[in-house]
Amino acid sequence: MVMERLKEAFRMALAKALPGQDIVLERPRSGDMGDLAFPCFRVAKAMGTNPAQLAKDLATQIVMDDAELLAAGPYLNLRLRPEARASRMLENLLVTGAYGSAPAHGETVLVEYSSPNIAKLFTIGHLRSTMIGHTLAQANRYLGCKVQRLNHLGDWGTQFGTLLAAYKRWAEAENPLLDQDFEWAEEIPEKRRSPLFRLFQLYVRFHAEEEKEPAMRDEARAWFRRLEEGDAEARRLWTWFREISLATFQRIYDRLGVGFDAMNGEAFYEDKLSSAVEAVKAAKILEEGEGGAQIVRLEDVGIQTPCMMLKGDGTSIYATRDVAAGLYRKSTYNFDRCLYVVGAEQILHFQQVFAVLGKVDAWFQGRLTHTPFGMINLPEGKMSTRKGNVIFLEDVLDEAKERVLAIIREKNPELPQADEVAETLGMGAVLFFNALNDRVKSITFTWERAVALDGDTGPYVQYAHARIMSVLRKAGGDWAQRGRPTVALDHEVAAIPFETVALPTSLEGLEDAAAQNLLFELAGLPDAIRAVQRENMATALARQLLAIAKAFSSFYTNCPILWPENSDAVRESRLALCLATARALRQGLWLMGIKAPEEM
RNA sequence: GCGCCCGUAGCUCAGCUGGAUAGAGCAUCAGGCUUCGAACCUGAGGGUCGGGCGUUCGAAUCGCUCCGGGCGCACCA
C-alpha cells in the first residue's frame, strides 16, 4: 500500500538519524498539520535534549521525496506535497483496489454471534450481537483472515422445559397447531400473527404464573429432563418449535444481509456433552459440589465462583455446552482466535468457560475472546422477554423505513424505487447508530435516537455517496459504471471488486484545501478498518466514514466538478477523487452491513 | 459483601497502548440555494473530562481512594 510505504520510508529516515531509538509514528489529528507525525518527547528525553529543538534539527536534517518536514513545537510532521498526496490516494483507490485490505494469510478466526434463543422473538437487543458479529467477520475477512461465522442458537436448555410445559397446559387441547389466537391472551397485531408469536405468549404466561406458583418450575425442569432423555413427544415438539423459529430468524437475517457458515445450536452439542465432561474429569479438575453438582473450582485463576458442569440432577447446563463447543471447534477448525459476541452480563460465564477450557487443554489459552456489549434498556426499564416488554427488531426496521419514506415523499417525490431506497436508508440509520456507539455501556432505547436521520448518521454517509453517484452519472461516459461493484454483493463478499481505472493525466484541481482534506481523511480508512479488528468494535470505522463524508460535503461545496468553466484536467481529476471517495464509502459501509444507494 | 463495567458540553456520545488549543452530532443563535442533489455547507456560544490524592517533563487517558449509576456472583441462558 502506497501510504504504508511512505510510513516505512519516514520511519527508516528517522531511524537513520536517530540510531538505536524507538520510532513511533502517529497520524496527526488534522490534515493541515501533515500526513504523519513524529512526537519527539521520548527520544529527546533519552538523548537528553529538548524535544522542540530535536524536531527543528530533524526537520533540516531529513530529506524525503515528495514531502516537506516541519517542526511544530515538539512534533516533527511530514507533509506530502498536494499532488503527491493526491496521486498516492488515487492510486490506492482506483488502481490497486480493496483499499486497506490485506492478502490472505491463513489465520483462522471464528466469530460466534447473533445466537438468538429459539421461541423467543428477535428483539432490538439481538441486533447488537448480530451486527457487531457481522462487522467483525467482514473486517477480519477483509484483512485476510479465514473466517467462520457461527450462530450458536439457543435451542436447548431449561427454557425448553418451560415451553413444553406451557404448551401442554394451555395449547395442546384447544390450539395444538398454534394457528388460532388464545382467548386468554391480548390481541396480537395483524402483522405479528404467527405460531411463533403464540409460542412467545405461552412463554410469557408461564413465567407470570410461575411467580405465584413456584412448583411450576419443577414441571418445566421435568420436561427438560424428558427432552434430554430423548422422550419422543418432547423431541417432536422441540423440533417443531425450532423449525418455526428458524424460519422467522432466516427472514430477518435475509433482511439484514447477514449469513452464517454454521448454525450449530446448543442442541448440536448434546451428544458431545459426556465426552466434554470426561475431558474435564481427565484433567482432574472436576469435583462434587453442593447438592451433588459437578463443578470446577477456579479460585487459583482468580475466579471465586466455581464453574458448574453438571447440575445436581445430572443434566447439563450452558457452561457444559460452551465447553463442549470449544472442544468441538478446536478439532473441527483448529482456529487461531474465537470471538464470542455476547452481552456483557455474561462476562463471568465466559471467564469461567475460558478458564475451564484452558485447564483442560493449554492450547486454548489466549485464543478465546469475549466481546461484550451493553444491554439495551427501555425508558421505563429493562427489556424482558419473560415479561413481554420488548421492542421487536422488525418493528424498528419498519419504523425507520416509514420515517424515511415520509422524507422522500417530501423532498424527492419523483424518486424511482422509493420503497427499496427507504429500506436501505432506514437500515442504514439503525445499523450505523448501532455501530457508532458500539460500547460496553448500556444504552436506553428511544425511537428518536434509534432512527435519527440527521447529523452523524448512516443516511448522512449514504447521502454523500448518492451525491457522488449523481455527479458521476452527469459526467457521462463510464464514470457511474466505475463506481459500481463488478459483481452482485451478498454476505459472502467482504472486499468489493471494482474495475481498475487509470489515473488522471493531471492532478490540477486537487490543490484546494477541501480536496486535500478529503484525501487526508481517505488516508485514514485503513487504520480504521484495522482498529475494528484490533478493538473488536466498529466505532472507529463508523467515525472515519463520517469524517470522509463530511470532508466530501465540504469539497463538494467548495470545488465545483462539472462546471463548464473548469478545464478538462480539473474536471477529470475531481471526478477521479469523487470516484475514489464513492468506492471508499461503499466499501466501508458494506463492512458494517450497510448498502450505499445511488439515489435517495 | 466480593468482582467487573460506566461517569467527558444542556442532551446523546467519540477520544482512553499518556503527548500538539479536549472533538462530533442534536438542541440554541447567526449566515449561505439563478449552475454538479440545502437529507447539505460556513460560523458562534457552551467543558472544574464525577471529587480528591499520587506517578510523570506531560494525565480525560496510568495507580490509589471516595461518590454516583449499571451488571454479575453454582443448579436460567
Side-chain angles (χ1 to χ4, degrees), chain A residues 24 26 28-30 33 37 39-42 44-45 50-51 72-75 77 115 117 120 154 156-159 161-162 217 220-221 224 266 289-295 302-313 315 317-319 321-322 342-349 351-352 372 374-375 377 382 386 404 407-408 410-412 425 433 436-437 439-444 446 448-449 452-457 459-460 462-464 466-475 534 539-540 542-543 546-547 550 553-554 556-558 560-566 574 578 599-600:
Chain A
V24 179
E26 295 177 358
R29 2 172 24 98
S30 147
M33 293 193 266
C40 297
F41 305 96
R42 201 167 307 243
K45 190 178 183 185
N50 173 321
Y75 284 83
N77 292 333
S115 310
N117 288 330
K120 290 195 197 171
W156 204 245
T158 309
Q159 54 169 336
T162 304
R217 215 157 291 168
R221 262 198 284 269
F224 176 56
E266 296 184 279
E290 297 163 17
Q294 298 292 310
I295 62 168
I303 301 171
Q304 297 312 309
T305 313
C307 183
M308 180 176 290
M309 297 303 297
L310 290 175
K311 295 187 275 192
D313 66 359
T315 58
I317 190 167
Y318 63 117
R321 297 189 278 275
D322 270 328
V342 183
E345 66 276 10
Q346 295 195 34
I347 287 175
L348 176 60
H349 165 68
Q351 286 177 343
Q352 293 175 319
M375 55 204 323
N377 296 319
K382 277 167 77 167
R386 294 184 178 196
V404 173
I407 294 173
I408 289 175
E410 175 200 336
K411 302 197 182 203
N412 197 358
L425 295 181
F433 172 76
L436 192 63
N437 299 325
R439 312 195 42 194
V440 177
K441 204 171 96 173
S442 57
I443 61 178
T444 300
T446 63
E448 192 181 67
R449 237 182 294 149
L453 304 170
D454 300 319
D456 283 357
T457 64
Y460 177 88
Q462 291 170 314
Y463 180 61
R467 283 166 119 189
I468 296 173
M469 291 307 292
S470 174
V471 171
L472 295 179
R473 281 193 304 273
K474 285 200 166 65
R534 190 176 61 246
T539 309
R543 302 252 164 211
L546 278 175
K550 275 177 206 176
S553 291
S554 182
Y556 182 85
T557 45
N558 283 295
I561 300 152
L562 300 176
W563 284 13
E565 53 266 40
N566 281 353
R574 287 182 179 171
C578 283
E599 289 184 76
M600 60 189 270

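- In this structure, rG63(B) forms a base pair with rC53(B), meeting either the Watson-Crick or the G-U wobble geometry with both donor-acceptor distances under 3.5 Å.
- The salt bridge (Lys or Arg N to Asp or Glu O under 4.0 Å) search around R543(A) returns none, not counting sequence neighbours.
- The base-pairing partner of rG46(B), taking Watson-Crick or G-U wobble contacts with both distances under 3.5 Å, does not exist among the strands shown.
- With a 6.0 Å radius and a threshold of 12 heavy atoms from other residues, nucleotides or ligands, R473(A) has its CZ atom above the threshold.
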Polar atom pairs (N or O), protein with nucleotides 72-76 of chain B, under 3.5 Å:
residue: rC73(B); atom: O2'; partner: T305(A); partner atom: OG1; Å: 2.8
residue: rA74(B); atom: N6; partner: E290(A); partner atom: OE2; Å: 2.6
residue: rC75(B); atom: O2; partner: G312(A); partner atom: N; Å: 2.4
residue: rC75(B); atom: N3; partner: G312(A); partner atom: N; Å: 3.4
residue: rC75(B); atom: N4; partner: E290(A); partner atom: O; Å: 2.4
residue: rC75(B); atom: N4; partner: G291(A); partner atom: N; Å: 3.3
residue: rC76(B); atom: OP1; partner: R221(A); partner atom: NH1; Å: 2.9
residue: rC76(B); atom: OP2; partner: R221(A); partner atom: NH1; Å: 3.4

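- The base-pairing partner of rG23(B), taking Watson-Crick or G-U wobble contacts with both distances under 3.5 Å, is rC13(B).
- Shown here, rG58(B) forms no base pair; nothing in the strands shown gives a Watson-Crick or G-U wobble contact with both key distances under 3.5 Å.
- Using N1 to N3 plus N6-O4 or O6-N4 for Watson-Crick, or N1-O2 and O6-N3 for G-U wobble, each under 3.5 Å, rC2(B) pairs with rG72(B).
- A gap of 15 Å separates the P atoms of rG70(B) and rC13(B), to the nearest Å.
- Residue-to-nucleotide contacts include a donor-acceptor pair under 3.5 Å from the side chain of N77(A) to the base of rA20(B).
- For the salt bridge (Lys or Arg N to Asp or Glu O under 4.0 Å) test, no residue two or more places apart in sequence or in another chain qualifies with K120(A).
- Between the OG1 atom in T305(A) and the NE2 atom in H349(A) there is a gap of 13.0 Å [rounded to 0.5 Å].
- Within the cation-pi definition used here (under 6.0 Å to the ring centroid, within 45° of the axis), R467(A) qualifies as a partner of Y556(A).
- Using a 4.0 Å cut-off, no side-chain N or O of R467(A) falls inside it from OP1 or OP2 of rC40(B).
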